[in-house]
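Values reported hereafter were calculated over all heavy atoms of this structure, with side chains retained and with hydrogens, waters and symmetry mates removed.
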Amino acid sequence: VQLQASGGGLVQPGGSLRLSCAASGITMDYYAIGWFRQAPGKEREGVSCISSEDDTIEHADSVKGRFTISRDNAKNTVYLQMNNLKPEDTAVYYCATDLEGRQRFSCSHYGRNYDTWGQGTQVTVSS
């Protein structure tokens with residue numbers, strides 16, 4: 001199983017980016033997916049997640065109203081749409097999945113609840 005995060009880049013404050021998390025070896029619709037980020041010198045932070053059975057979505061308070069997470073099952077991809085980006089959103093963003101299937105009707109912002117991680121994609125918000 002491999003996850004591949006992409007879509008990062010440099011954007012001005014107030015701008016938007018859409019990150020993609022594509023998977024090989026699994027059908028993503030069957031699994032919970034989480035997006036995390038880590039800024040230099042800071043701990044990893046859970047940003048958004050979606051559960052496996054009923055697509056329950058959770059967002060961190062810091063991104064509520066600005067970020068959305070969604071699935072495109074035809075493309076076996078999960079997206080993180082990020083709007084009204086702020087400099088404090090600058091970080092490496094990672095997607096992860098819970099192959100053990102623990103997050104069926106809720107999802108977690110704790111990295112320990114995910115067992116498979118993709119490589120990160122850099123998001124830089126700067127003028």
Side-chain angles (χ1 to χ4, degrees):
V1 176
Q2 288 189 325
L3 300 180
Q4 177 74 45
S6 62
L10 173 64
V11 63
Q12 292 187 341
S16 298
L17 281 175
R18 188 178 75 166
L19 304 184
S20 300
C21 178
S24 59
I26 60 168
T27 300
M28 295 185 81
D29 188 35
Y30 298 160
Y31 299 97
I33 305 294
W35 281 99
F36 295 80
R37 66 187 181 187
Q38 188 164 22
K42 294 188 176 181
E43 292 189 356
R44 184 177 61 196
E45 173 190 20
V47 174
S48 300
C49 61
I50 185 167
S51 67
S52 60
E53 289 287 336
D54 61 357
D55 287 353
T56 295
I57 289 172
E58 300 286 347
H59 295 292
D61 289 343
S62 57
V63 305
K64 279 181 181 176
R66 300 188 299 122
F67 290 13
T68 57
I69 186 172
S70 62
R71 299 183 186 271
D72 185 335
N73 296 330
K75 295 183 178 180
N76 205 29
T77 298
V78 172
Y79 298 107
L80 183 68
Q81 177 67 44
M82 306 186 296
N83 299 326
N84 190 22
L85 283 161
K86 304 176 181 181
E88 52 263 42
D89 295 318
T90 295
V92 178
Y93 283 71
Y94 302 87
C95 60
T97 189
D98 165 29
L99 295 182
E100 292 190 18
R102 294 164 288 185
Q103 301 177 71
R104 298 176 62 199
F105 302 103
S106 63
C107 62
S108 169
H109 291 314
Y110 290 101
R112 62 175 180 263
N113 291 323
Y114 298 82
D115 46 50
T116 302
W117 294 75
Q119 66 184 52
T121 185
Q122 176 71 46
V123 172
T124 303
V125 185
S126 175
S127 55

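- In this structure, A91 and A39 approach most closely via the heavy-atom pair CB-N, 3.8 Å.
- Rounding to the nearest 0.5 angstrom, the gap separating the CG atom in D55 from the OG atom in S70 is 10.0 Å.
- Using modelled atom types, one finds a donor on one side chain and an acceptor on the other under 3.5 Å when comparing T56 with D54.
- By the criterion of side-chain heavy atoms lying less than 4.5 angstrom apart, applied directly or through intervening Ile, Leu, Val, Met, Phe, Trp or Tyr residues, Y79 is not grouped with L85; the two fall into different hydrophobic clusters.
- Nearest heavy atom pair, residue R66 against residue N84, reads NH1-O, 3.0 Å.
- Minimum heavy-atom separation, I26 to L99: CG2-CD2, 4.0 Å.
- In terms of hydrophobic clustering, with Ile, Leu, Val, Met, Phe, Trp and Tyr side chains grouped at heavy-atom distances under 4.5 Å, L17 and F36 are assigned to different clusters.
- Shortest non-hydrogen contact noted between S48 and L80 is OG-CD1, 3.6 Å.
- Checked against R37 for a side chain to side chain contact (heavy atoms under 4.5 Å, CB included), the options T90, V63, V123 give a single hit: V63.
- Here the side chain of T97 pairs no donor or acceptor atom with the backbone of I33 at under 3.5 angstrom.
- Note that CZ of R44 and NE2 of H109 are 13.5 Å apart. Values are rounded to the nearest 0.5 Å.
- Y93 and F67 have tilted rings, their planes meeting at an angle from 30° to 60° on a 0 to 90° scale.
- In terms of heavy atoms, R71 sits closest to S52 at NH2-CA, 3.9 Å.
- Of the inter-residue distances, the one linking E100 atom CD with N113 atom CG reads 9.5 Å to the nearest 0.5 angstrom.
- I50 places none of its side-chain heavy atoms less than 4.5 Å from the side chain of M28.
- Put simply, the side chain of Q103 gets close to the backbone of S108: a donor and an acceptor are under 3.5 Å apart.
- Here the straight-line distance linking atom CD of Q81 with atom CD1 of I69 works out to 12.0 Å at 0.5 Å rounding.
- Between S16 and V11 the shortest side-chain heavy-atom distance does not fall below 4.5 Å.
- Cluster membership check: Y30 shares its hydrophobic cluster with V1, using side-chain heavy-atom separations under 4.5 Å among Ile, Leu, Val, Met, Phe, Trp and Tyr.
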Item to check | Residues D89, K86; criterion salt bridge (charged side-chain N to carboxylate O under 4.0 Å, His left out); working and verdict | outcome: CA-CA 5 Å; D89 295 318; K86 304 176 181 181; over 6 Å; no
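- With hydrogens and angles left out, the side-chain atoms of S62 and E45 include a donor and acceptor closer than 3.5 Å.
- Between W117 and Y94, the angle of the ring planes goes over 60°, which puts this pair in the perpendicular group of the 30/60° scheme.
- The minimum heavy-atom distance between T77 and S20, with the atom names listed, is CG2-CB, 4.0 Å.
- Summarising the geometry, atom CG belonging to N76 is positioned 9.5 Å from atom SG belonging to C21; distances are rounded to the nearest 0.5 Å.
- Hydrophobic clustering of Ile, Leu, Val, Met, Phe, Trp and Tyr side chains at less than 4.5 Å, counting indirect connections, keeps Y114 apart from Y31.
- Note on V78: it clusters hydrophobically with M82, by side-chain heavy-atom contacts below 4.5 Å among ILVMFWY residues.
- Summarising the local packing, CD of E53 is surrounded by more than 12 heavy atoms from other residues, nucleotides or ligands at distances under 6.0 Å.
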